[in-house]
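We name chains A, B, ... by the order of the sequence lines, and we start the count at 1 in each one.
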Protein chains: 2
Amino acid sequence: MQKQIVDILKEYGLKATPQRVTILSAIERQGHANIDEIYKDAKEKHSTISLATVYKNVTSLVAIDLLKEVALNNFKPKYEINKQPHSHIVCKKCGEIEDISLTNEIEFDTAKLIEGKDFLAEDIELNIYGVCHNCQNVG
Amino acid sequence: MQKQIVDILKEYGLKATPQRVTILSAIERQGHANIDEIYKDAKEKHSTISLATVYKNVTSLVAIDLLKEVALNNFKPKYEINKQPHSHIVCKKCGEIEDISLTNEIEFDTAKLIEGKDFLAEDIELNIYGVCHNCQNVG
DNA sequence: TGGTGTTAATAAAAATTATTATTTAGGAGA
DNA sequence: TCTCCTAAATAATAATTTTTATTAACACCA
């Protein structure tokens, strides 16, 4: 896994710097994290890392598809390791995200939606917003 | 229509100021617009309107569900008049959004996704990202 | 050793929110 | 309908937050 990442970075002319690896593993550990959360986490491992470095790296890692941006209503965008297409369950209260698989049915139904349109579909983004277990029991 | 909006505003203790009405009709005219687009449009009708007023009103109109925020990857959030649940076709190049209906099948399939989870689902957000007709022909 | 890319530390720019004095919408009462 | 009144809204800043650009020093590899 670590090996693969280094190879992908190399393929795109990006060096596997400690900062970069720290950022990636911070995101992997958290699952989904926004810039601040990545920065805070990375800073513990690498106290001198700068916020601008986090921004710059996240941007370039998204550009080479190692990371994926997750735009959210009312929350700052989060980032996740780019893996299989999947959907998200998002808590409106705390912003927690849980991954959930995308079924074939949904992909099929979605394809039907754009039938007849001259639109070149590339990604499906399905987010289910609501209230998570924890937040239901809080208030 | 105009009448309904005024009533809804009143219900929430918001005055039907010219600025507010201008903002709403700018969004209605554009279909989907971000803060800058709303501001630019509104400024033509109402040259002294301030950007802060746009921010403030958009926020409060979202709060009373007259508007809905549409979070987007790589673009600033846009706002739309809150109507029937529907999905979006989003062009990755130009950011244009087209509304498209949400089918019963998709709602059904989505419900199945969260079966068994202690999650109180409220909204489905389905965005299909790709390249629109115009941008396919540009480059 | 020279070149390329990266970084931290800034600085700068862009986006958003807060403050405040003034203006206004809309209801109450004549 | 026509004032008057008041809470709410506004424009104009100012301040803050978020994001991006610049730069000089550093590390790595050919």
Atom-pair distance (CD on Gln19(B); P on dA12(D)), nearest Å: 11 Å
Rounded off to whole Å, could you give me the OH-to-C1' distance for the Tyr39(B) and dA12(D) pair? 11 Å
Please state how far atom NZ in Lys10(A) lies from atom C1' in dT6(C), giving the value in whole angstrom units. 16 Å
Is Thr53(B) near enough to dA11(D) that one of its side-chain N or O atoms lies under 4.0 angstrom from OP1 or OP2? yes
Nearest heavy-atom pair of Thr53(B) and Ile23(B): which atoms, and what distance? O-CD1, 4.2 Å
Using a cut-off of 4.0 Å between protein heavy atoms and nucleotide atoms, how would you tag nucleotides 15-30 of chain D 5' to 3' with B, S and -? ---SBBB---------
Can you tell me if Thr48(B) touches the phosphate of dT10(D), counting only side-chain N or O atoms and a distance under 4.0 Å to OP1 or OP2? no
If I take atom NE2 in residue His46(B) and atom C1' in nucleotide dA9(D), what distance separates them, rounded to the nearest angstrom? 11 Å
Within the side chain of Tyr129(A), is there an N or O that forms a donor-acceptor pair under 3.5 Å with the backbone of Asn73(A)? yes
Side-chain N or O of Asn57(A) less than 4.0 angstrom from OP1 or OP2 on dT7(C)? yes
My understanding is that only one of Glu96(B), Glu80(B), Lys68(B) makes a side chain to side chain contact (heavy atoms under 4.5 Å, CB included) with His32(B); could you say which? Glu80(B)
For Leu9(B) and dG27(C), what is the distance between atoms CG and P respectively, to the nearest whole Å? 12 Å
Give a yes or no answer on whether the side chain of Glu122(B) reaches the backbone of Val131(A) with a donor-acceptor pair at less than 3.5 Å. no
Expressed as a whole number of angstroms, how long is the span from Leu14(B):CG to dA7(D):P? 16 Å
Can you check whether Ser50(B)'s main-chain N or O pairs, donor with acceptor, with Gln19(B)'s side chain at less than 3.5 Å? no
Salt bridge or not between Glu98(A) and Lys117(B)? Use side-chain N to carboxylate O under 4.0 Å. yes
Using a cut-off of strictly less than 4.0 Å, decide whether Arg20(B) has a side-chain nitrogen or oxygen near OP1 or OP2 of dA25(C). no
